[in-house]
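Accompanying notes for the structure given below.
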Amino acid sequence: MVATADPPAEHRPSNSDEERDENRLAQFGYKQELKRDWGLAHNFGISFSIISVITGITTLFSYGLNTGGPAVMSIGWIVVAFFTMLVAIAMAEIVSAIPTSGGPYFWAAMLAPPRISPFAAWLTGWYNLLGQVAVTTGITFGLAGLIPNAILVKNPDFEPTPRVTIGIYAALLISHGIVNSFGVKTLRYLNNVSIALHSLGITALCIAVLAKAPTHQPASFVFGTFRDGTGVEGEGWSIRASPAYVAVTGALVAQFTLTGFDASAHLSEETRNASWSAPIGVISSVGFSAFFGFFVMMAYLFSIQDFDKVLDSDYKQPVLQILVDAVGEDGALVLFSLIMICIWHCGLFSMTSNSRMMFAFARDSGIPTFFHKVDDKFRSPIRAVWLAATLSFILALPSLGSTVAYSAATSIATIGLYISYGLPILIGLIYHQAFNTMKGPFNLRGFSRPIAAAACGWIAFITIAFCLPVANPVTSETINYAVVAVGIIGIGTILAWVLWAHKWFTGPAVEVAEAMRLGVDITEPGALESREKQEEEKARRATRVDPPSE
């Protein structure tokens with residue numbers, strides 16, 4: 001499906017991979033500020049770590065059991081993985097053409113025609129920022145909730161409260177912020193550790209659980225058991241609406257898990273041979289995560305001993321109950337600690353990706369330029385790192401008074417990120433001729449538009465689905481405030497644009513966008529001006545009308 005023809009001249013190495021990457025970045029109007037010492041494996045690893053199937057499945061397992069049950073969790077995973085791969089393939093083609101830290105918002109600016117380019121960048125950037133912040137919240141706040149669950153195994157009298165969870169969450173965010181600020185060199189090695197933990201470690205965990213489980217559920221249970229636990233007081237949504245409603249909202253488990261693979265794009269300015277490494281990082285991270293995630297899901301579901309006990313666990317965490325039933329309390333704590341270490345790494349690299357997006361957005365004045373600062377000593381965007389930590393903390397505060405705050409945060413993350421993925425894909429689909437002039441070595445050719453159309457359709461579907469209320473009845477405590485957050489960002493960014501942002505926000509440099517659309521190298525003196533004159537002359541000839549003959 002993917003053609004890998006020789007790249008155009010501006011993509012060929014001049015003296016080295018590093019010089020070629022810097023020249024490519026210069027074509028986008030930027031100088032190399034971040035240290036470019038990540039390879040393909042590292043680029044893949046950061047998206048693989050942020051997707052972190054063990055994170056999404058473990059933290060949302062209770063939600064999944066109550067919103068569709070095993071059947072929706074197992075079959076839904078397969079369906080969601082298929083459509084997510086289409087989104088990833090469409091994104092990979094774009095990042096191959098435009099490998100910068102800005103990611104989706106920069107793509108939108110480059111692909112859109114000049115008259116709407118700044119607005120496309122503005123809207124996409126704010127949705128990507130919202131999604132990035134919410135992903136970090138969903139990951140690290142989920143870990144903050146698991147730690148008290150683990151304490152309950154040996155201390156059944158311990159009573160975790162929302163305040164305790166928020167306190168743990170703050171401490172975890174601080175740990176992520178410190179490593180991202182001062183341990184940039186360490187991140188590369190932690191990335192290798194994370195890859196090993198998420199692949200070899202989780203594989204060993206699943207094999208151990210399957211091997212030690214006293215009995216195994218039949219396939220009819222795993223693929224055929226539907227459960228509606230959405231009724232807070234009385235009937236659930238399968239009665240009030242339909243089972244399909246529950247199944248659609250239950251797909252959040254898989255869709256939130258398979259999120260965050262734009263990290264490979266955000267780290268492209270730190271990756272060697274980015275036009276090839278970044279798109280491969282996007283696709284391979286989704287592919288491997290879909291495979292490992294299905295394996296993890298099957299291991300958990302087949303190893304359930306007592307379904308009712310898992311649903312109403314004394315540990316308040318169904319996965320922990322499954323582990324205890326399989327290997328005992330001590331063994332369960334060891335395995336659960338492995339899961340929590342994986343989730344810590346996931347949150348760490350989520351903040352890495354988040355800070356790079358904010359750094360790039362500030363570079364183009366999408367947020368205050370105060371956050372476009374790289375520390376000279378540590379080569380890290382420290383201000384953007386702590387902005388990411390602060391916003392993630394604020395987004396979790398509603399958990400102090402809401403029983404569905406966590407699922408709402410994961411919905412916000414999923415919707416925000418996928419809207420930001422979908423906007424540049426949609427723009428490239430509509431203005432495909434301009435996109436064709438920019439394409440890099442990863443080129444879908446004839447498959448480009450069908451895949452992009454399918455990806456956009458899926459994103460539109462899940463945007464609506466995950467704004468729907470999950471708990472019935474809908475009250476101030478059970479409302480899905482994802483629709484509020486997503487709506488505020490949408491309305492707020494449009495109003496801000498109309499009232500004042502259009503006066504000063506131009507997005508990436510206008511001449512860079514124009515050069516990209518015309519397929520010329522902006523670093524070549526006079527190239528853009530010469531091509532523009534050619535285009536103007538061509539337009540004049542096309543519109544010239546010969547005088548009528550007498």
Side-chain angles (χ1 to χ4, degrees), residues 45-60 129-150 165-184 186-198 201-202 256-264 266-267 285 289 293 317 319 336-358 380-382 384-397 399 405-407 409-410 412-414 416-417:
I46 196 164
S47 282
F48 185 65
S49 296
I50 292 175
I51 293 175
S52 181
V53 293
I54 198 68
T55 297
I57 293 175
T58 301
T59 56
L60 280 174
L129 190 149
L130 170 69
Q132 290 272 345
V133 170
V135 162
T136 302
T137 302
I139 294 166
T140 307
F141 188 69
L143 175 58
L146 296 182
I147 292 174
N149 298 142
T165 303
I166 282 288
I168 296 173
Y169 177 55
L172 292 170
L173 286 176
I174 291 171
S175 72
H176 294 331
I178 291 173
V179 176
N180 272 291
S181 296
F182 309 115
V184 175
T186 307
L187 284 175
R188 195 165 41 141
Y189 300 102
L190 287 175
N191 192 14
N192 294 334
V193 171
S194 182
I195 294 172
L197 288 172
H198 279 89
I202 298 306
F256 170 69
T257 302
L258 296 174
T259 298
F261 44 90
D262 57 322
S264 290
H266 294 304
L267 271 293
S285 63
S289 296
Q317 220 295 326
V319 170
F336 206 62
S337 295
L338 172 62
I339 292 173
M340 291 190 290
I341 292 171
C342 287
I343 298 174
W344 183 86
H345 281 83
C346 178
L348 174 72
F349 289 111
S350 176
M351 188 175 290
T352 305
S353 175
N354 196 343
S355 63
R356 270 49 175 188
M357 183 274 161
M358 292 178 176
S380 170
I382 293 178
V385 167
W386 290 102
L387 174 63
T390 302
L391 294 178
S392 295
F393 180 77
I394 293 172
L395 189 58
L397 290 179
S399 67
Y406 182 71
S407 61
T410 56
I412 294 169
T414 306
L417 278 185

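We use all heavy atoms of the structure for the numbers below, so side chains are in, but hydrogens, waters and symmetry mates are not.
Residues L60 and F256 share a closest heavy-atom pair of CD1-CD2, 3.6 Å. Among all heavy-atom pairs drawn from Q132 and L417, the shortest one is N-CD2, 3.7 Å. When all heavy atoms of S392 and N354 are compared, the pair lying nearest together is OG-ND2, 4.4 Å. Summarising the geometry of L348 relative to N180, their closest heavy-atom pair is O-ND2, 3.1 Å, with the distance given to 0.1 Å. The two residues H198 and C342 have their closest heavy-atom pair at CE1-O, 3.4 Å. Shown here for V53 and T257, the closest heavy-atom pair between the two residues is CA-CG2, 3.4 Å.
The ring-ring contact (aromatic ring centres under 6.0 Å, His included) test applied to F48 returns F44, not counting sequence neighbours. For W344, the ring-ring contact (aromatic ring centres under 6.0 Å, His included) partners two or more places apart in sequence, or in a different chain, are H176. Considering only residues two or more places apart in sequence or on other chains, S355 meets the side chain to side chain contact (heavy atoms under 4.5 Å, CB included) condition with P381, A384, V385. By the side chain to side chain contact (heavy atoms under 4.5 Å, CB included) test, A396 is found to be paired with T137, F141, I166, Y169, residues two or more places apart in sequence or in another chain being considered. Partners of H345 by ring-ring contact (aromatic ring centres under 6.0 Å, His included), not counting sequence neighbours: none found. Residues forming a ring-ring contact (aromatic ring centres under 6.0 Å, His included) with F182 (at least two apart in sequence, or on another chain): F378.
Between the side chain of Q317 and the backbone N or O of T58, at least one donor-acceptor pair lies under 3.5 Å. Of the possible donor and acceptor atoms, none in the side chain of S285 sits under 3.5 Å from a partner among the backbone N and O of S47. Here the side chain of S194 pairs no donor or acceptor atom with the backbone of N191 at under 3.5 angstrom.
Annotation: side chain of V133 is in contact with side chain of M358 (closest heavy-atom distance under 4.5 Å). Put simply, the side chain of M351 does not reach to within 4.5 Å of the side chain of V179, judged on heavy atoms.
Atom CZ of F393 and atom CG of L172 lie 11.5 Å apart (nearest 0.5 Å). Here L173 contributes atom CG and I168 contributes atom CD1; the two are 12.0 Å apart, rounded to the nearest 0.5 Å. For the atom pair CZ (F261) and CD1 (I51), the distance works out to 6.5 Å, reported to the nearest 0.5 Å. How far CD1 of I139 is from SG of C346: 3.5 Å, rounded to the nearest 0.5 Å. How far OG1 of T390 is from CG of L395: 12.5 Å, rounded to the nearest 0.5 Å. Taking OG from S49 and CD1 from I343, the interatomic distance works out to 12.5 Å, rounded to the nearest 0.5 Å.
In the model, S380 has no side-chain atom that pairs as donor or acceptor with a side-chain atom of S181 under 3.5 Å.
When T136, T259, T55 are each tested for a side-chain hydrogen bond (donor to acceptor under 3.5 Å, both in side chains) with S350, only one passes: T136.
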| Run the side-chain contact (heavy atoms from CB on, under 4.5 Å) check on L391 and L129 step by step: do they pass? | CA-CA 10 Å; L391 294 178; L129 190 149; 4.3 Å; yes

